[in-house]
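Please read the structure below before turning to the comments.
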Protein chains: 2
Amino acid sequence: MADTPTAALVVIGSEVLSAKVQDENGPYAARRLRELGVQLLAVHTVPDREEDIVGSLDLLRRRADWCFTSGGVGPTHDDLTPRAVARAFGRRVGRSAALADGIRAMYRAHHGGAEPPDAALRMADVPEGTRLLGDPGYPTLAVENVVMLPGVPRFFRYQLDAIAPLLQAPPWRLASVFLSIGEEVFAPALDAVVAAHPAVEIGSYPRFDGADHKVKLTVESKDLAAVQAALAALLAALPADGVVRVEGP
Amino acid sequence: MADTPTAALVVIGSEVLSAKVQDENGPYAARRLRELGVQLLAVHTVPDREEDIVGSLDLLRRRADWCFTSGGVGPTHDDLTPRAVARAFGRRVGRSAALADGIRAMYRAHHGGAEPPDAALRMADVPEGTRLLGDPGYPTLAVENVVMLPGVPRFFRYQLDAIAPLLQAPPWRLASVFLSIGEEVFAPALDAVVAAHPAVEIGSYPRFDGADHKVKLTVESKDLAAVQAALAALLAALPADGVVRVEGP
């Protein structure tokens, strides 16, 4: 895997699209992956429909080193993720003995030793060849580069954190320049710096809310020297009295 | 357009994917479109890269009645939306005289009569045949069924609200059933009701946080009678002592 592993996320959430709940997992994954040095290439939020899930998986699992899903791993009719993943990879679905044993043990522990209903065991029906990652007591399902995370935010965070050591890569270096002038004033100068420094990502974020700056420019790369060089070029190209402050790298 | 017009949203946001800011426009669009009776089919969050924007536009504009974009309409190098929309439709980009006049008027009003720099006028370079919707003083760009909204949340909300009358459709009817029992207990009963009532959408949302219920079931359709029938079937199929309360339709 390269210095900057890549990831994509498919949020399986009719409830997000219909505004019944607001997705927390996309923002959490973005923050956590950034901290881990992993580049998030795309987030697709799709309904709980097998075709939609398969469509996004087909696209994103080929483009990213890791493709995460959020949701659809429970026991009800709208829990379609394992089936969709199986279809995306042309695999069959079968009952995992290891998962079924885990579900039985967990259920007994929480229900005074009772056996789980069959519906609970449905959660052990997964694509053939599914690997179990992270916490063995509450494992994360993975097929090739697709990692199925639960939709409930607390569990999503727990499982993503549990597999973080697998993802860890070198960190980004970031510098920010805060400006009191509008984008239209410095756009040509900025364009020239962007063209001359292709190894860094440069972002321009205007705001219109009476903060101490009108625009924040960000300069980012895993290569500290490249960030320093682009930052120096930027500060030389911008009108000095337009710079409110500089942070980093 | 059908009784339930459909929509998709492309959030153009490297800054969202890299967790520099948290997207507010997706959640706002989901809420607003739901209120307007429009079904949101998908949200794609993509980087500020022309190919990624074109890729998602190509897919989503064919699937939905409306395809909204968020962001990338400013004057800097990372503002690529009009160009990407032009490419998706095989159109050329040209300067819109109406938009250029508007930008000049706005700039003069805010800068003591001064002429805008050329970079500001770049925002008038749009796909040929672009329509101007909503507020004529701060118009929204549209090409066929693609509507380009600004990325700054305040302006996104303003422009989406301004075009709301174009989108308005009959409202949804929603019933919710709150249950004190876990999904694994009632999954087979729920499956049967889902199979018998294909005209309604039924969602099952577990929670694990000590609320007064373990699961919320939602029953939804634009057809009130269909919601009432599915709700009655659901209440007949569920164990009565598992129902905490019912809301709606």
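Chain A is the first sequence line, chain B the second, and so forth, proteins listed ahead of strands; every chain is numbered from 1. Given the structure is predicted, the values throughout are model-derived calculations rather than measurements.
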Distance (rounded to the nearest 0.5 Å) between [X] [atom1] and [Y] [atom2]:
X	Y	atom1	atom2	answer
Ser14(A)	Ile202(B)	OG	CD1	12.5 Å
Gln39(B)	Ser18(A)	CD	OG	8.5 Å
Leu40(B)	Thr45(A)	CG	OG1	8.5 Å

Could you look at [X] and say if it's the side chain, the backbone, both or neither that has a heavy atom under 4.5 Å from chain B?
X	answer
Pro47(A)	both
Leu121(A)	neither
Arg122(A)	side chain
Val194(A)	side chain
Asp118(A)	neither
Phe208(A)	both
Arg63(A)	side chain

- [ ] Anything in residues 101-116 of chain B with a heavy-atom distance to chain A below 4.5 Å? Please list those residues in order.
- [x]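 Contacts with chain A: Tyr107(B), His111(B).
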Under 4.5 Å from any heavy atom of chain A, what part of [X] do you find: side chain, backbone, both or neither?
X	value
Val16(B)	backbone
Pro188(B)	both
Arg154(B)	side chain
Leu41(B)	backbone
Arg34(B)	side chain
Gln22(B)	side chain
Asp48(B)	neither
Leu17(B)	both

- [ ] Find the one option among Asp209(A), Leu190(A), Asp79(A) whose heavy-atom pairs under 4.5 Å with chain B are most numerous.
- [x] Leu190(A)
- [ ] Could you have a look at Ala120(A), Ser204(A), Pro117(A) and say which one has the most heavy-atom pairs with chain B under 4.5 angstrom?
- [x] Ser204(A)
TODO: Test salt bridge (charged side-chain N to carboxylate O under 4.0 Å, His left out) on Glu220(A) and Lys20(B) and set out the steps.
DONE: CA-CA 11 Å; Glu220(A) 217 170 4; Lys20(B) 290 190 188 66; 2.6 Å; yes
TODO: Name the member of Lys216(B), Glu15(B), Arg207(B), His44(B) that forms the most heavy-atom pairs with chain A at distances under 4.5 Å.
DONE: His44(B)
